[in-house]
Amino acid sequence: MRQVEHIVYLCVFISGTTEMCGIWAVFGLTSNIHGQCSSTFYKISHRGPDAWRLEYDQRMKNCCVGFHRLTIVDTIYGMQPMKLHKYPSSMVICNGELYNCKRLAEQYGFEYETYNDVECILHLYHEFGIEECVKNLDGVFGFCIVDIAKRKVFLGRDPYGVRPIFKVLSETGVLGICSEAKGLIEIEHELKGDRKKVAPLPPGTFEEYDLLENGTVKLVRSKKYFSPGDKPAFRPFVLYEDLSPNAHTDNIRKLSH
Ligand SMILES: NC(=O)CC[C@H](N)C(=O)O
């Protein structure tokens with residue numbers, strides 16, 4: 001079992017060095033939100049050479065959600081923040097690759113509106129809630145879901161922390177999130193006198209926040225849903241039983257097919 005874990009670590013390390021996008025969002029920032037959008041958001045522009053988008057919705061006052069894209073799949077309809085006709089009051093931003101998106105559609109009868117892997121996050125969340133959503137994802141990810149109708153914000157990170165996600169939360173409920181800490185430093189400075197710290201969301205963790213009327217948030221729960229050694233809740237493409245505790249080269253070959 002330990003050897004299998006080491007191989008998994010090695011594979012995620014190798015895959016994590018190649019592809020990236022950048023996610024960024026602020027909730028409840030009343031001072032200088034336009035300034036933050038035009039300066040801080042661009043601190044991570046190197047993560048997405050293909051496109052960027054910033055989204056404001058008057059139902060979420062003092063909030064802004066942004067994305068720098070390195071396109072992997074579905075050039076046109078895979079742009080983020082992603083919204084679906086089926087769930088018009090929600091959006092998702094995600095830096096990640098969800099390897100089992102097709103299998104999830106078959107398993108649960110999801111009807112996808114795009115060819116983009118990130119879409120499965122919105123279907124899983126709406127069908128089963130946030131906890132089952134993160135547990136069902138086979139892949140690498142750092143994401144933020146905003147559910148405007150239910151007034152909720154959720155953050156999620158993959159089991160081994162291959163994809164990064166940082167956050168800063170002030171005492172007054174201002175929340176900033178970003179794929180890199182450097183996209184939050186100016187927001188941290190903006191929150192003068194307020195106790196706050198930029199910190200990574202730990203691997204294998206999801207967080208749930210209430211989104212209040214003025215756009216600030218209140219942490220409801222922070223839950224570790226996976227620790228190294230746990231068996232995944234989804235069905236892996238290569239079953240544990242098919243991996244050998246000794247034949248590392250064979251295992252790597254099987255895992256990479
Ligand atoms: N680099 C990324 O995080 C890509 C996001 C998503 N999988 C896409 O293909 O667009």
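When a ligand or atom number is given, it counts from 1 through the structure's own listing order.
When non-hydrogen atoms are compared, ligand 1 lies under 4.0 Å from the side chain of Asn116 (C-beta onward) but not from its backbone.
Listed by atom number, the atoms of ligand 1 under 4.0 Å from Glu97 heavy atoms are 1 (N), 2 (C), 3 (O), 4 (C), 7 (N). Every atom of ligand 1 with a heavy atom of Leu70 under 4.0 Å away is listed here by number and element: 1 (N), 2 (C), 4 (C).
The distance criterion of under 3.5 Å between nitrogen or oxygen atoms is not met by Gly78 with respect to ligand 1. On a distance-only criterion, Met20 and ligand 1 share at least one N/O pair closer than 3.5 Å. Not a single N or O atom of Thr71, backbone or side chain, sits closer than 3.5 Å to an N or O atom of ligand 1. Considering backbone and side-chain N/O of Val118, none are found under 3.5 Å from N/O of ligand 1. When only interatomic distances are considered, the shortest N/O to N/O separation between Asn95 and ligand 1 falls below 3.5 Å.
Using a 30° and 60° split on the angle between ring planes, Tyr87 and His123 fall in the perpendicular class, above 60°.
With ring centers used as reference points, Tyr125 lies under 6.0 Å from Phe154. Aromatic ring centroids of Tyr108 and Phe128 lie under 6.0 Å apart.
Residue Arg69 places a heavy atom under 4.0 Å from ligand 1.
With hydrogens and angles ignored, the 3.5 Å screen pairs a side-chain donor or acceptor of Arg103 with a backbone N or O of Arg235. In this structure a side-chain-to-backbone donor-acceptor pair under 3.5 Å is missing from Arg157 to Gly142.
Heavy atoms from other residues, nucleotides or ligands lying under 6.0 Å from NZ of Lys224 number more than 12.
When the options Lys218, Lys152, Arg151 are evaluated for a salt bridge (Lys or Arg N to Asp or Glu O under 4.0 Å) with Asp210, the one that passes is Lys152.
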